[in-house]
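Side chains are part of it too, since the values below use all heavy atoms of this structure and drop only hydrogens, waters and symmetry mates.
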Amino acid sequence: MNVQEKIEKWCKDGNFLTYADKRMREELCLVPENRVLDPKFEELDERFDVDDRYIDPMVSYLTYRLQLAKLSRNKRKRRRGIWWVFVQVMMLGHYINVFENEVYNLLTELQEEIMPMLHSEYIQSLQTKRQ
């Protein structure tokens, strides 16, 4: 069973979706406190505000950061890096829909990283509650 099929199966569980929504909101709300400024991304983001053509370099940079996070051997750094990319993508807001073609591959890859992380957290939380 590939990752997308697993995600579809997990999404049929309402409790998991509630947990995933809660965790994603937590990450988004903790942004101001836990956010590490990335000068390169900040520069791309500022230029994107002025010129929409900067969507491609910005998406490329986010994809690069996601790949970098995935390569990390340190589990905590890997998770932090993946969440950082998630938060940056979510902060793009409606631009995700406007530039759907440019962002599609990044969103797919990000989903394939975030959802298994969330599912393993969810399963672990269920096991903790049972004990």
Describe, in one word, how the ring planes of His119 and Tyr122 are oriented to each other, choosing from parallel (under 30°), tilted (30 to 60°) and perpendicular (over 60°).
-> tilted
Roughly how far, to the nearest 0.5 Å, is CG of Leu118 from CD1 of Ile7?
-> 10.0 Å
Value rounded to 0.5 Å, distance of CD1 in Ile82 from CG in Leu110 = 8.0 Å
Rounded to the nearest 0.5 Å, how far apart are CD of Gln88 and CH2 of Trp83?
-> 13.5 Å
Validation row: Tyr54, Tyr61 side chains within 4.5 angstrom (heavy atoms) | no
List the atom of Met58, the atom of Leu44, and the distance in Å for their closest heavy-atom pair.
-> CA-CD1, 4.1 Å
From Arg78 CZ over to Leu66 CG, what is the distance, rounded to the nearest 0.5 angstrom?
-> 12.0 Å
One should read off an interatomic distance between Met115 CE and Ser120 OG, to the nearest 0.5 angstrom, of 11.5 Å
With side chains defined as the heavy atoms from C-beta onward, is the minimum distance between Asp21 and Leu17 less than 4.5 Å?
-> no
Report yes if some heavy atom in the side chain of Val85 is under 4.5 Å from a heavy atom in the side chain of Thr63; otherwise report no.
-> no
Value rounded to 0.5 Å, distance of CZ in Arg23 from OG1 in Thr18 = 14.5 Å
So, Trp10 versus Tyr19, ring centres under 6.0 angstrom or not?
-> no
Salt-bridged, Lys12 to Glu8, with N to O below 4.0 Å?
-> no
After noting the C-alpha distance and the side-chain angles of Glu112 and Lys6, does the key distance pass the salt bridge (charged side-chain N to carboxylate O under 4.0 Å, His left out) rule?
-> CA-CA 10 Å; Glu112 289 177 355; Lys6 287 180 182 179; over 6 Å; no
Between Asn2 and Glu5, is there a donor-acceptor pair closer than 3.5 Å when you use the side chain of the first and the backbone of the second?
-> yes
Val59 side chain reached by Tyr64 side chain, heavy atoms, under 4.5 Å | no
So, do Gln4 and Thr108 sit near enough that their side-chain heavy atoms are less than 4.5 Å apart?
-> yes
Residue pairs, two or more places apart or on separate chains, that pass salt bridge (charged side-chain N to carboxylate O under 4.0 Å, His left out) and touch residues 62-73 = Asp38-Arg65, Lys70-Glu109, Lys70-Glu113
Expected list for residues 90-107: side-chain donor-acceptor pairs under 3.5 angstrom, two or more places apart:
none

Can any side-chain N or O of Ser72 pair as donor or acceptor with the backbone N or O of Ala69 at less than 3.5 Å?
-> no
Please report the C-alpha distance between Arg53 and Phe48 in whole Å, then the side-chain angles of each, then the deciding distance to 0.1 Å, and finally whether the side-chain contact (heavy atoms from CB on, under 4.5 Å) criterion is met.
-> CA-CA 7 Å; Arg53 293 179 294 175; Phe48 175 67; over 6 Å; no
